[in-house]
Every structure is written in structure tokens, then in C-alpha cells.
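Predicted, not measured: the structure shown is a model, and the values here were computed from it. Just so it is clear: chains get the letters A, B, ... in the order the sequence lines come, proteins before strands, and each one is counted from 1.
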Amino acid sequence: MSRQIVVVDDESDILAIVSEVLLSDGYTPRTFVSSTQALTYILATPPALVITDLLMPILSGQELVKRARERYGNMLPIVVMSASVNLASVATLPIQAFLSKPFDLDEISELMQQLLESR
Amino acid sequence: MTGQASHSRFQHDTADRDDLPRCLTAIQPYIPGQALRHRKVPARQRATPMRPTSPTAVADLCEQISAVASADEAIRLVISDVPLLIDARQVWVHLHASAMPEQQAPGATHDQPNDAVQLPQPYRLWLINGRKSTAHTASVELAIRSGHQTLGTLSVVPEGGRDALTADELTTLRLIALTLGQTLAAHRLREALSDHHLQSNASDAGNQHANVQHWNMFLAHVAHEVRTPLTCIKGHAQLLGRQVHAARSEKTGRLTRDGAAIVLDACERHLGPLEYQVKRIERLIHDMIDLARTAQGRLDLRLERHNLVTIVEQAIAATDLPASQSIMLDAPAEAWLRCDGARIEQALYDIVQHVLRVWSQEGAIHIAVRELTQGEAHQTVTIIGDEATEATLAVWRCGAQSYPPLSGPECVHSPLDLGLALSAAIAQHHEGQLYQIANRHGGSNFLFVLPLDGPTDTRAR
């Protein structure tokens, strides 16, 4: 089974942190600062899971989730992470999990275990 | 008798109800839609002749009328039975001492004026029932109307079979009509003022609600901005902790043979970003404190002559640019102005950070510095964005009034971004402005305008 996880966030530092956690857990992270480039990659190469930020320039996390769902339906697990205090927009998103920033690194490891290893 | 009664003749001192006309039988509330009908005066009241009425009694009577008058109420005053002629077109009350015609249609007018009392606008006296049946039961009812609303009625009932008023009765009726109209006018004015206050309060409440909503959105943005570097600090600290833990022997708790190298490597990878994010939060906190000071008018400026180009270069140097982005500076060698150099650098840095954050991830950010003369104002303009400088300047100069500044009395809503809000406030404290103009790519260009001579209202240390 593919263990490639796409991580999307306009903060390169957060990408580096999440990427290091995923690497240490045996996954293959593919990081994108640009949400538009991430979407292009996701539509062309289906990953095992997507972790995405919400507030990003040009293409928001909500839009990225929507477009990925249109292509893959519910087969693709998607996790949203956000520092936003307004979670009303997240409640209706078709996602598997939500990570509130700042998050514990153990939360990422547990989520990956829960969403990928149990499939 | 004169045509108009002077209101100044009224002395509003103690009301004397004994002076009220004997023929006054009742003040009755009017039910909208109820037909105004002739009211037969009890026989016992007809025997008493009408007496002159003091001004205070009339004023008090009209106060009673105004107390119950409203937009849908009419008051029936039974005063006496005397034919009255009304010319509604000219808003006059024509008191005619002769007999009334047998039938009168509502709103009918007559052309036989003698003594007249003018009611204040917009009140009119309408003849609504001029029928005269017998010498003892004839009556004339008048309605005081504003537009199509009946505000009050005067019902004149015959007394003693007379068909003419005495001179005193004429005066009394005239004064009653005049004072009634003025009292109702005052009542209407009070109602209008009350409505205005209600609308004003509702508008204030609406504005307050919008301001509260905007403030809540601003706080949400600030919370988001603070949480992002916190996420990085927490992540790097936990990764560093994991590496240190991995470098220890489970048995002894001491560093393994390779442990030192692991810890050293982890420190090199994580301590640098940790320090950067801590400085980032530090800067955010300073911006929040400064923004609070600007809101209280307590932002002190150290005004000196500075080369704006040097300040711009320092702001650019402080910016941590991603590899995919660059900043192109188009500026003369010097652009001197009187300002607080540190504050201007802070403002420009925040604008550049905002542009980098919300911009596309590739391409160049353009910064240009220009000196402008508009009328008698000599200004410098720093343009930050990704469009051609001259085009942005031209758009701004042609339609300056279409772009409200981001702070000050003309600002519609201050920016939600903390850095932009502070930059706008710093510009305003220098008696300059920050403008935001949309560009073709769906983003914005920013114009940071400062006067060359600095602010006139200085708080220099």
C-alpha cells in the first residue's frame, strides 16, 4: 500500500516539522507550499492521505478538499490542520480528522496510525 | 375681530377649570373607523349661556387634548352649537354667524369668510357634517386633519336655539382652534423627535454591532497569526526533545556513543528555526502593543530627517524571503523626509510581510519610492505590490477618492491583518496614509504615503 502522504501548508517551517514526524514513522511525505501545485499533484498522483492547512493564498484548504473529493470521493483520507479560531467552516467539510494548531506531534502519529494502518 | 389670535396672549399659569365653557360636555377618545355622529346635548346644558373662557383654561383644555391625541385618535370637543364655515383649501377657519345650508358634503368649502383663524401647517379644519336639523339639535362637526389622518374633532352643538355666536364665543372658539392646532403640532414634533431618536439609536446599535463583528474578526485573525509561530515553536521543541531522548541509552540514561552527534545535529536543525519563530512572536506582541497605543493616541514619534530609501532597504533586509520569491526595488538614491525612522521601517516591514504571505508563491514583489507633488502637498509614496509602479500610481491618482485609506476618519474598515492595521496607524500618525488598491491578479498593491515635512501635530521626544 502506498505510504505517500501529501502535506500542504504555506508555512514552510510547519511543512518541515510534519515531514520529519512522518519520516520517523515510516511514511513518505510530499510537501507543498503552494496549494495550487499540491492540487495538481494530488489529481495526477493519488496519495495515501492528504494533510492540508485551511487558510492559504490563491487556493484555500476548503477548495482543495472539495476538488480532491470530486475526484476521489471518500476513498482519500483528508486531514485538515488550522490555527483559525472560527471552526464553523470546518464542521461541514468532508474530512476524516481536524488538527488544531498548535498540535502535539504525537497527535499526527496517532492519526496516521488510525487512518492508514487500520485500512 | 382680528383674523388671527396671538399665541403670545396666552399665559400658561394655573389652570382654572371653572372657567371652562358650560357647553363643554366631554372629551371623548375617537376610535378609528367609527363614524362621527351627531351627539345630542342634554337639555339641562342648553339653558346655561356660554361664558368667556380665560386663556389659561383654553390652554389647559388643549393640553388635555394633546395628551390623548395620537396619529389614530381624534378628540371630540362639544363646545356649542353654531354654524361654522370652513375653507379647507386655505387652512382657515371661517366663523360665520349666519345659518348653515341644509346639506353639506364632507370637505365642502364656502366662499364667505369673515373672521378667520389660521391653523399652523399642516393642520386643516374640515367640515364633515354641516347638517342643520332643528334649532335645538343642529350641530357642526369639524375634524382637524393632517393629510388623511383625523387628529381631532370639534363638535359644535346648539345651545338655546341660537344660530350665532357671541363675540366672546367667537374669540374662544378661535383660540381653541388655534391652540389645539399648535398643541397638536408640538405633540407631533415630540413624536417626530422620539422617532428620530429611536432611528438614531437603532442606527447606532447597527453600527455598534458591525464594529463588534469587525473587532471579533480582527481578534480571530490576530489569534491565527499568533498560533502559527507557536505551532512551529512547539513542533521544533518536541522534535528536539525526541532526538535527545533517542540519543540516550534506555538502560543508563546517558548519551550513547552516537548520541552526542545526534543531539548536535538536532540542535543545529531545530534551534535556528526556534529562535526565528520566537522573534516572530516577539514582533507580533510588539505590534499588538503598538496598535493598542495608537488606538489610545499614545504612540510617541521620534521625528528626524531620514532617507526613506535607506529605511526601505533595511525593511527588505530584515525580511526572510523564500527561495522562490524576490524583491525588486526601484528607488532614487535619496528621498529625504522627516519621520520616525524605526516606526516607518516597522510599518514597511509589516506591509512586505503581508504581501509575501498572501501573494502567489513565485514571482517578484516590486517596491518603488517616488516623490510626488499634489497641489501644495509634497509627499513620498512607497508602492509595494506586484504590478508596474507607474500604472498603480496612475490608478491611485485618478481615483483617489475611490480608495478610502486604511485608517482615520475616512476609513471604512481597518484591516484585519495586524501588521497592516499597525502600518496604517503609523502612517496616519505621520499625517500620511496607507491605501490598498486591487490589481489584475486578484491581489492588492499598497501605497504608503508620507508628507515630506513630517506631521505638524508632533509628539516628539
Side-chain angles (χ1 to χ4, degrees), chain A residues 7-26 29 31-41 51-61 63-64 79-90 98-110, chain B residues 213 216-243 245-246 262 265-266 269-270 272-281 284 320-325 354-363 386 416-417 441-444:
Chain A
V7 189
V8 191
D9 199 310
D10 54 335
E11 279 284 337
S12 55
D13 218 1
I14 293 179
L15 285 179
I17 292 167
V18 175
S19 178
E20 188 159 333
V21 173
L22 294 175
L23 274 171
S24 67
D25 289 345
T31 60
F32 293 91
V33 172
S34 163
S35 49
T36 50
Q37 290 179 359
L39 181 63
T40 304
Y41 181 85
I51 304 175
T52 178
D53 187 18
L54 265 187
L55 286 177
M56 294 183 288
I58 311 300
L59 182 75
S60 69
E63 189 61 27
L64 187 143
V79 175
V80 160
M81 54 182 179
S82 179
S84 176
V85 298
N86 179 12
L87 303 179
S89 58
V90 181
F98 173 76
L99 275 173
S100 178
K101 292 177 180 176
F103 43 75
D104 276 330
L105 301 186
D106 289 341
E107 289 183 65
I108 299 178
S109 301
E110 286 169 10
Chain B
Q213 273 196 320
N216 288 340
M217 286 173 63
F218 176 73
L219 285 179
H221 271 254
V222 170
H224 183 273
E225 287 188 51
V226 172
R227 283 182 173 191
T228 300
L230 268 180
T231 304
C232 299
I233 291 171
K234 191 172 183 178
H236 281 296
Q238 288 186 349
L239 282 174
L240 187 56
R242 284 185 176 191
Q243 294 295 314
H245 180 77
I262 293 172
D265 177 67
R269 284 191 292 117
H270 297 297
L274 261 174
E275 189 179 357
Y276 173 79
Q277 296 296 341
V278 166
K279 284 182 180 173
R280 188 175 167 186
I281 283 195
L284 274 173
D320 188 24
L321 274 177
S324 59
Q325 287 179 293
H354 173 82
V355 170
L356 287 172
R357 202 161 48 240
V358 303
W359 223 240
S360 62
Q361 303 305 309
E362 297 177 353
D386 71 345
L416 295 174
D417 181 272
H441 308 302
S444 298

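Residues B/Arg227 and A/Ala83 come closest through the heavy atom pair CD-O, 3.1 Å. The heavy-atom pair separating A/Asp13 from B/Cys232 by the smallest distance is CB-SG, 3.7 Å.
When each of A/Leu55, A/Val21, A/Thr36 is checked for heavy-atom pairs under 4.5 Å with chain B, A/Leu55 comes out on top.
Contact of B/Glu225 with chain A is not made at all, since no heavy-atom distance falls under 4.5 Å. With a threshold of 4.5 angstrom between heavy atoms, A/Ser24 approaches chain B through side-chain atoms but not through N, CA, C or O. For A/Asp106, the parts lying near chain B are the backbone and the side chain together; criterion is any non-hydrogen pair under 4.5 Å. Heavy atoms of A/Asp104 lying under 4.5 Å from chain B belong to its backbone as well as its side chain.
The ring-ring contact (aromatic ring centres under 6.0 Å, His included) test applied to B/Phe218 returns B/Trp215, not counting sequence neighbours. The ring-ring contact (aromatic ring centres under 6.0 Å, His included) check on B/Tyr276 picks up nothing, with sequence neighbours excluded.
A distance of 5.0 Å separates CG of B/Leu239 from CG of A/Leu105, quoted to the nearest 0.5 Å. Atom OG1 of residue B/Thr231 and atom CG of residue A/Asp9 lie 8.5 Å apart, to the nearest 0.5 angstrom. Separation of atoms CG (B/Leu230) and NZ (A/Lys101) is listed at 11.5 Å; rounding is to 0.5 Å.
Atom CD of B/Glu275 is surrounded by 12 or fewer heavy atoms from other residues, nucleotides or ligands within 6.0 Å.
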message: Checking B/Arg242 against A/Glu20 for the side-chain contact (heavy atoms from CB on, under 4.5 Å) test, could you report, in this order, the C-alpha distance in whole Å, the side-chain angles of both residues, the deciding distance, and whether it holds?
response: CA-CA 11 Å; B/Arg242 284 185 176 191; A/Glu20 188 159 333; over 6 Å; no
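Ion pairing between B/Arg280 and A/Glu11 holds under the 4.0 Å rule for side-chain N and carboxylate O.
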